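Data block below; observations after.
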Amino acid sequence: MHILVVRNDESAKAIDASLMISAYLTSQGITCSITNSIDVTPDYIEGADMAVALGGDGTILRTAHIVGYTGIPILGINFGHLGFLANDPTDSVIAMVASALAGECTKEERTNLRISVLCEGDDEDAFDHLSTGPFDRSNDRSFFALNEICVSRGASGRIIGFDVAFNGDRLASMRGDGMVVASATGSTAYALSAGGPLIAPGFQGLVVVPLAPHSISARAVVTDPNDIVDVTLFDTPSEKDATLFVDGWHDELPAPIRAVRVQRGSTPTTLLRCNYKGFYEQSKKAFF
């Protein structure tokens, strides 16, 4: 068995915890590797049976990105701020790792997102292939997200216009700062700040939330699990500057964005919970 430990090197407590976990795993005859959350790449996850993320929600998101659709479980231990996705480190980190290895933790399967991006100059057929063929993380038009995808206005500050369609049927045209498409996990992040609903983590659909829309009729939309959301930018100069953010990270693209397609990922992200009191209890403390 091999365990990958991903830590936030800006936290002295996370560093200490990683060393204790490494010593414990070695004493149990289990191999492990330790890496910084900033430098971690998908290569690290090869051969791993479990990932331990030591830090805040950002560290867990980075770990989820390298795990992708492999289904490898993630044990998050909070050494950050909010830590909505992580376990409280008041318990011994060794006890939590031991519980995870013994199969005693609760498994939460979280819907993630598969994102395909069509840029200016791309073939429309290639866009369709990206969203229906096998996921290729090496393709600079394909992205994984656990929280959300955001298409927003760029450095010019000008609002952008776009159409929103569900399963090929256009629902609305609007102008504003952009659009967030989130999973239930991401409903407590950017989508919540933009006025979207709080959604229990077991929900498998998506939530679509316009950002500062220039309309009093624009509202958030919650989809069925198998719905596909297309955000297609207008063909005017303002939209050439539109920016793509995936789980809060800015992703550079070789050409201006024409459209973004979002759908549920093929395999959910598995989070391991130790002594978890539930989503609503956690939401009460965090938001109410």
Side-chain angles (χ1 to χ4, degrees), residues 4 40-48 51 61-74 109-152 162-171 178-186 191 203-208 221-233 235 239 242-271:
L4 172 65
V40 66
T41 66
D43 296 337
Y44 282 92
I45 203 63
E46 292 183 8
L61 288 175
R62 289 186 182 276
T63 305
H65 275 239
I66 66 164
V67 168
Y69 305 116
T70 64
I72 294 171
I74 301 169
E109 291 194 342
R110 299 288 190 110
T111 292
N112 47 46
L113 308 178
R114 175 176 176 173
I115 302 114
S116 306
V117 180
L118 182 70
C119 293
E120 285 193 1
D122 288 345
D123 191 305
E124 295 278 357
D125 292 338
F127 186 48
D128 292 334
H129 174 72
L130 278 174
S131 59
T132 57
F135 180 76
D136 181 7
R137 68 166 75 237
S138 66
N139 193 305
D140 61 5
R141 309 289 201 280
S142 298
F143 300 93
F144 166 98
L146 179 57
N147 267 359
E148 79 275 308
I149 172 75
C150 174
V151 182
S152 70
F162 47 88
D163 292 324
V164 184
F166 297 84
N167 305 321
D169 294 327
R170 186 178 67 84
L171 177 69
M179 179 69 78
V180 171
V181 183
S183 65
T185 299
F203 179 68
Q204 297 182 4
L206 311 179
V207 57
V208 183
V221 176
V222 178
T223 78
D224 279 340
N226 294 322
D227 284 349
I228 296 174
V229 180
D230 284 336
V231 179
T232 304
L233 296 173
D235 189 16
E239 286 70 45
T243 307
L244 179 74
F245 293 92
V246 179
D247 280 347
W249 296 298
H250 178 211
D251 281 285
E252 295 285 352
L253 292 164
I257 302 168
R258 287 176 56 196
V260 176
R261 177 168 294 167
V262 190
Q263 57 194 308
R264 182 178 58 162
S266 57
T267 304
T269 298
T270 300
L271 301 181

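What you see below is based on every heavy atom in this structure, not just the backbone, and it leaves out hydrogens, waters and symmetry mates. In this text, all values refer to a predicted model and were calculated from it rather than measured experimentally.
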Query raised in the report: Which is it for Val221 and Val164 under the side-chain contact (heavy atoms from CB on, under 4.5 Å) test, yes or no, and what are the steps along the way?
Result: CA-CA 11 Å; Val221 176; Val164 184; over 6 Å; no
Query raised in the report: Where do Ser266 and Arg114 land on the side-chain contact (heavy atoms from CB on, under 4.5 Å) test, with the steps shown first?
Result: CA-CA 8 Å; Ser266 57; Arg114 175 176 176 173; 6.0 Å; no
Report task. Please step through salt bridge (Lys or Arg N to Asp or Glu O under 4.0 Å) for the pair Asp230 and Arg170, ending with a clear verdict. Result -> CA-CA 9 Å; Asp230 284 336; Arg170 186 178 67 84; over 6 Å; no
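A salt bridge links Asp122 with Arg141: at least one charged nitrogen is closer than 4.0 Å to a carboxylate oxygen.
To the nearest 0.5 Å, atom CG of residue Leu271 and atom CD1 of residue Ile74 are 6.0 Å apart. Here the CZ-CG distance, from Arg258 to Leu253, works out to 13.5 Å after rounding to the nearest 0.5 Å. We find the OG1-CZ distance between Thr232 and Phe162 to be 11.0 Å, quoted to the nearest 0.5 Å. For the atom pair CD1 (Ile66) and OG1 (Thr41), the distance works out to 7.5 Å, reported to the nearest 0.5 Å. Interatomic distance, Ile257 CD1 to Cys119 SG, rounded to the nearest 0.5 Å: 6.5 Å. Distance check: Arg261 CZ to Asp128 CG gives 5.0 Å after rounding to the nearest 0.5 Å.
Checked by atom type, the side-chain pair Ser142/Asp136 shows no donor-acceptor distance below 3.5 Å.
Aromatic ring pairs are classed by plane angle as parallel below 30°, tilted from 30° to 60° and perpendicular above 60°; the pair Phe245 and His250 is tilted.
Checked against Asp247 for a side chain to side chain contact (heavy atoms under 4.5 Å, CB included), the options Thr185, Ile149, Leu146, Asn112 give a single hit: Leu146.
Ring pair Phe144/Phe135: centre-to-centre distance not below 6.0 Å.
Taking each heavy atom of Ala48 and Leu4 in turn, the nearest pair found is CB-CB, 4.3 Å. The minimum heavy-atom distance linking Thr270 with Gly71 is given by the pair OG1-O, 4.1 Å. Across every non-hydrogen atom of Ala51 and Thr63, the tightest pair is CB-CG2, 3.7 Å. The shortest heavy-atom contact between Pro42 and Arg137 is CG-NH1, 3.4 Å. Ala191 and Ala182 make their closest contact through CB-CB, 4.0 Å (heavy atoms, listed as atom of the first residue, atom of the second, distance). Ile115 and Ala145 make their closest contact through CD1-CB, 3.6 Å (heavy atoms, listed as atom of the first residue, atom of the second, distance).
Counting only heavy atoms from C-beta outward, the side chains of Val229 and Phe166 approach each other to under 4.5 Å. Between Glu120 and Glu239 the shortest side-chain heavy-atom distance does not fall below 4.5 Å. Counting only heavy atoms from C-beta outward, the side chains of Asp140 and Pro254 approach each other to under 4.5 Å.
Side chain of Thr223 to main chain of Leu206: a donor-acceptor pair is present (N/O by atom type, distance under 3.5 Å, no hydrogens or angles).
The environment of Asp123 atom CG is dense: over 12 non-hydrogen atoms of other residues, nucleotides or ligands sit within 6.0 angstrom.
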